[in-house]
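This is a predicted model, so every value here is computed, not measured. Below, each value reflects all heavy atoms present in this structure, side chains not excepted, and no hydrogens, waters or symmetry copies. By convention in this document, chain letters (A, B, ...) are assigned in the order of the sequence lines, proteins followed by strands, and residues within each chain are numbered from 1.
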Amino acid sequence: MTDWLEILATPLPVARAIEFVSATTAGGIAIFLGTTRDDANEKGQPLAALDYEAYADLASRQLTELAHDARQRWPILKLAVLHRTGRVALGEPSVLIAVSTPHRAEAFEACRWLIDTLKADLAVWKKEIWSDGTGTWVDPHAHI
Amino acid sequence: MTDWLEILATPLPVARAIEFVSATTAGGIAIFLGTTRDDANEKGQPLAALDYEAYADLASRQLTELAHDARQRWPILKLAVLHRTGRVALGEPSVLIAVSTPHRAEAFEACRWLIDTLKADLAVWKKEIWSDGTGTWVDPHAHI
Amino acid sequence: MTITVKLFAILRDKAGVAELPLELPERATVATAVETLLARHPSLRPFANRIACAVNLSRVTGEAELKDQDELALLPPVSGG
Amino acid sequence: MTITVKLFAILRDKAGVAELPLELPERATVATAVETLLARHPSLRPFANRIACAVNLSRVTGEAELKDQDELALLPPVSGG
């Protein structure tokens, strides 16, 4: 298996993912971790956590397509794309991309393209959980 | 301490470096690992390892300047730049860059700039060790 | 015919249900299914023009025809990562 | 005056020495120091036009003047990462 693609409900196994993409044919490994950034809502309440929900069947299929498309564009040796669901504490990663390629430029480009495309397409939704326990679904485009 | 800059003779502490740059103010962490790629010399001998040598006093000063320059250009929260010396086995990392920023574009740009600039400037030299034990210093520009 | 509708994230919260069966005339389109659903769950109407649809895990447009037993998912704009 | 010369990587291997003292006239330049060294270690001459120099950890050009006790490092093109 050259791709590790998974929607998972547990903390992201960062070290294992990096080990997974390591290869003696690789000159570079680019990794991106999307982490939960501290924030406050309009009432001044601090963010307590994020809740991620996925349409797991669709998201899994999308990850397969994403990996396929990335491999068409760059000489990827090994690839890991992991997205977490459930509650994610501040500062913790919710998404991980790790790509190994023969040369570093390709690793950076593929990694960047993967996270940008994933964020635009993947069937995952994020709810901000505030300190009083209330939640707000994140609307990426506007406020309804 | 917000920057972890080190020339070190032991395997790179990848997991600790990622933990080091994690922050609740970070939206993204970009990481680059430069790894030893398998190769063969003109006699067809496979590469066995790489030996890295540093002018440690100068390289340490250069890392400080590099971190300072990167912080002038991007809103970096935490930064780790580690370079290994001594023998590095195939597939293992010799250099690590990890950058956390509020938004992902900045993390990618800073990480890319740091590795490109480091590779052009840092007082570190690489010797290819072939399977017969002979070594060749890598000449980045031409063959003498 | 009967299809299964799945609702996610804010759509599920507003409708108060994650999955429901929907009776439709034979060869009804996705647009018809969505309109039928909005009539039953008016709380979803403010989101109508930004809902994407997938049938059996493939993205579809409103003109796509449905068949018995299809799984129609209503997806609000994604916000993962 | 006496300075200390440090050689790295291929330069050290070719010269067979990592560090050596070099006697120079007062206010000698870096270029003079390098030329004195090349005369003593001809094996370094093929690298002459690609050697960078640092004095006391700062990059310098050939015109820089040296002073007693300076540490002059001769750096082949870097290849780290």
Side-chain angles (χ1 to χ4, degrees), chain B residues 6-8 12 32-37 50-66 81-86 88 92-97 111-129 134-144, chain D residues 2-22 30-31 33-35 37-62 64-81:
Chain B
E6 195 173 358
I7 306 289
L8 70 180
L12 296 180
F32 178 78
L33 297 174
T35 54
T36 302
R37 187 175 59 247
L50 291 180
D51 268 357
Y52 283 93
E53 173 184 335
Y55 182 9
D57 290 345
L58 178 57
S60 295
R61 178 179 286 207
Q62 289 176 313
L63 288 185
T64 303
E65 292 168 0
L66 201 64
V81 183
L82 312 178
H83 201 301
R84 196 172 158 185
T85 57
V88 180
E92 280 194 25
S94 52
V95 62
L96 174 151
I97 314 268
C111 189
R112 180 75 192 268
W113 182 86
L114 281 160
I115 184 64
D116 287 352
T117 309
L118 179 153
K119 284 186 83 97
D121 285 346
L122 195 69
V124 174
W125 299 274
K126 174 161 63 184
K127 190 183 210 170
E128 293 165 321
I129 309 298
T134 60
T136 316
W137 286 105
V138 172
D139 184 329
H141 302 309
H143 291 278
I144 292 178
Chain D
T2 308
I3 67 164
T4 300
V5 175
K6 288 189 152 208
L7 298 172
F8 290 92
I10 198 167
L11 303 181
R12 184 201 52 238
D13 282 4
K14 294 289 180 188
V17 58
E19 188 172 321
L20 69 162
L22 198 65
V30 166
V34 171
E35 192 45 51
L37 191 77
L38 294 179
R40 195 185 298 181
H41 291 284
S43 59
L44 299 181
R45 203 167 282 282
F47 304 91
N49 62 352
R50 300 192 306 131
I51 291 173
C53 292
V55 172
N56 305 332
L57 306 182
S58 293
R59 294 292 193 102
V60 293
T61 61
E65 275 187 18
L66 292 160
K67 59 183 193 307
D68 193 42
Q69 309 285 331
D70 273 352
E71 175 179 292
L72 169 63
L74 269 58
L75 316 171
V78 302
S79 57

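- Screening residues 72-81 of chain D for salt bridge (charged side-chain N to carboxylate O under 4.0 Å, His left out) gives no qualifying pairs among residues at least two apart or on separate chains.
- In terms of heavy atoms, D:I3 sits closest to D:K67 at CG2-O, 3.6 Å.
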Audit row: D:E35, D:R45, salt bridge (charged side-chain N to carboxylate O under 4.0 Å, His left out) steps and yes/no | CA-CA 9 Å; D:E35 192 45 51; D:R45 203 167 282 282; 3.1 Å; yes

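- Looking at D:D13, only its side chain comes within 4.5 Å of chain B, counting heavy atoms on both sides.
- Interface remark: B:L58 contributes backbone and side-chain atoms alike to the contact with chain D (heavy atom separation under 4.5 Å).
- At a 4.5 Å heavy-atom cutoff, the contact between B:V95 and chain D is made by side-chain atoms alone.
- Looking at D:A54, the atoms closer than 4.5 Å to chain B (heavy atoms on both sides) all sit in the side chain, from C-beta outward.
- Neither the backbone nor the side chain of B:A59 comes within less than 4.5 Å of any heavy atom in chain D.
- With hydrogens and angles disregarded, a donor-acceptor distance shorter than 3.5 Å links the side chain of B:W125 to the backbone of D:P76.
- No other option in D:S58, D:G80, D:A52 has as many heavy-atom pairs under 4.5 Å with chain B as D:G80.
- Residue contact with chain D, scored on non-hydrogen atoms closer than 4.5 Å, involves the backbone and the side chain of B:K119 alike.
- Here B:E65 pairs with nothing under the side-chain hydrogen bond (donor to acceptor under 3.5 Å, both in side chains) rule; sequence neighbours left out.
- A donor-acceptor pair under 3.5 Å links the side-chain atoms of B:Y52 to the main chain of D:G81, judged by distance alone.
- For chain D, the nearby part of B:D121 is the backbone; its heavy atoms alone come within less than 4.5 Å.
- Most heavy-atom pairs under 4.5 Å with chain D: of the set B:K126, B:H83, B:Q62, this distinction falls to B:K126.
- Side-chain N or O atoms of D:T2 include none that pairs as donor or acceptor with a backbone N or O of D:P21 at under 3.5 Å.
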